[in-house]
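Have a look at the structure below before the remarks.
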Amino acid sequence: MPITTRFHRAASTGNVLLLKEATRWEVNTPDENLLTPVLLAAANGKATALMVLLKRGGDLTKTDRTGSAALHLAAGAGHRECVECLLRAGVNVFEMNTSGRTALDVAKLNREFEVVEVLEQFQSELCTKDPARAEQLKKRAAKQYEKLKLRYGTVIALNLGDSFRALEEHTELEESV
């Protein structure tokens, strides 16, 4: 039986009134695919719902079965407003999914150039204004990636072929620009 709650559905559709009733526990409850209401709002481009969920205690470190965090899902779908909301909320822009991709990588692979621009600018400003903080976030992301590999090792192995194909596509895309 699926664990999907009314808050999962509300996050997917952007029902802000219902989300305002959610507790911290409810906004962080995963469904059968490990998607929390926060992840669903980000994936579906529901920025207002995402803001409400974050105010209700939404956890930005939660990931789905592929290790993708809210920023990965929003970036991959081209939801600029959600990406900007997550960046303002303090998400680690260097976090990687089980394929070793950052949200910027995912946006590039999905040709979401508007989001690519936002993420590149954010990373550039962070590295310029506070290089020590940027380095700290990169180290934290690398540590988190190691944890993901331990937790989802089989997923990584299954995604390896796709990762190489995606890397080739990404390289070709970079060379053509």
Side-chain angles (χ1 to χ4, degrees), residues 1-107 110 112 115 118-119 122-123 126 130 133-134 136-156 159:
M1 179 173 205
I3 307 172
T4 304
T5 66
R6 62 190 178 128
F7 299 111
H8 287 87
R9 290 185 295 279
S12 294
T13 60
N15 184 342
V16 175
L17 291 176
L18 182 57
L19 293 175
K20 287 182 178 181
E21 298 175 14
T23 65
R24 178 184 300 266
W25 181 81
E26 290 165 328
V27 301
N28 293 308
T29 299
D31 67 8
E32 65 276 3
N33 294 314
L34 299 184
L35 293 168
T36 64
V38 172
L39 294 171
L40 289 166
N44 289 293
K46 306 300 181 189
T48 305
L50 183 59
M51 286 186 262
V52 168
L53 290 165
L54 294 176
K55 286 178 185 172
R56 306 292 301 159
D59 186 349
L60 293 175
T61 64
K62 298 281 187 180
T63 63
D64 66 7
R65 291 195 185 282
T66 67
S68 293
L71 188 61
H72 289 92
L73 299 174
H79 300 305
R80 179 185 181 139
E81 196 175 345
C82 288
V83 167
E84 291 170 341
C85 173
L86 292 164
L87 292 173
R88 282 191 305 274
V91 71
N92 185 346
V93 72
F94 301 108
E95 288 287 331
M96 294 175 273
N97 62 18
T98 56
S99 299
R101 294 188 189 118
T102 64
L104 176 59
D105 297 329
V106 173
N110 290 327
E112 297 296 346
V115 171
V118 169
L119 290 169
F122 183 85
Q123 282 185 4
L126 178 63
D130 195 351
R133 174 83 174 130
Q136 179 187 33
L137 290 172
K138 287 178 184 179
K139 286 180 182 177
R140 189 177 299 155
K143 233 182 212 180
Q144 184 62 30
Y145 177 63
E146 291 303 317
K147 288 180 185 177
L148 278 176
K149 286 196 311 190
L150 291 174
R151 184 173 181 190
Y152 299 111
T154 55
V155 175
I156 292 171
N159 286 338

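Fair warning: this is a prediction, and the values are worked out from it, not measured in the lab.
For the atom pair Leu40 CG and Phe7 CZ, the distance stands at 13.5 Å (nearest 0.5 Å). Taking CD of Glu81 as the start and OG1 of Thr48 as the end, the distance is 6.0 Å to the nearest 0.5 Å. With rounding to the nearest 0.5 angstrom, the CG atom of Leu39 is 7.5 Å from the OG1 atom of Thr63. To the nearest 0.5 Å, atom CG of residue Leu137 and atom CD of residue Gln123 are 10.0 Å apart. Atom CD of Glu26 and atom CG of Leu53 lie 11.0 Å apart (nearest 0.5 Å). Note that CG of Asn92 and CG of Leu86 are 12.0 Å apart. Values are rounded to the nearest 0.5 Å.
Annotation: side chain of Leu18 is in contact with side chain of Arg6 (closest heavy-atom distance under 4.5 Å). Side-chain contact between Asn33 and Asp64 is absent, with no heavy-atom pair separated by less than 4.5 Å. Contact of the Thr29 side chain with the Thr36 side chain is not registered, since no non-hydrogen atoms from C-beta on lie closer than 4.5 Å.
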Decide side chain to side chain contact (heavy atoms under 4.5 Å, CB included) for Val115 and Asn110; before the verdict, give the C-alpha distance in whole Å, the side-chain angles of both, and the deciding distance to 0.1 Å. CA-CA 10 Å; Val115 171; Asn110 290 327; over 6 Å; no

Would Thr13 and Lys46 count as a side chain to side chain contact (heavy atoms under 4.5 Å, CB included) if you check the C-alpha gap in whole Å, the side-chain angles of each, and the deciding distance to 0.1 Å? CA-CA 7 Å; Thr13 60; Lys46 306 300 181 189; 5.6 Å; no

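The backbone N or O of Phe94 lies less than 3.5 Å from no partner atom in the side chain of Thr102, so there is not a single donor-acceptor pair. Side chain of Arg65 to main chain of Glu32: a donor-acceptor pair is present (N/O by atom type, distance under 3.5 Å, no hydrogens or angles). Of the possible donor and acceptor atoms, one in the side chain of His8 sits under 3.5 Å from a partner among the backbone N and O of Leu35. In terms of modelled atom types and a separation under 3.5 Å, the side chain of Asn28 and the main chain of Asp59 share a donor-acceptor contact. Judged by distance alone, the side chain of Asn97 and the main-chain N or O of Ser99 form a donor-acceptor pair under 3.5 Å.
Pairing each heavy atom of Val27 with each of Pro37, the nearest pair is O-CD, 3.2 Å. Across every non-hydrogen atom of Ala42 and Ala70, the tightest pair is CB-O, 3.6 Å. Considering every non-hydrogen atom in both Cys82 and Ala41, the closest pair reads SG-O, 4.1 Å. When all heavy atoms of Ala11 and Ala49 are compared, the closest pair comes out as O-CB, 4.5 Å. Nearest approach of Cys85 to Leu54, heavy atoms of both residues: SG-CD1, 4.0 Å. Nearest heavy-atom pair, Ala10 versus Leu19, reported as atom, atom and distance to 0.1 Å: CB-CD2, 3.7 Å.
Taking 4.0 Å as the cut-off between side-chain N and carboxylate O, Lys143 and Glu146 do not count as a salt-bridged pair.
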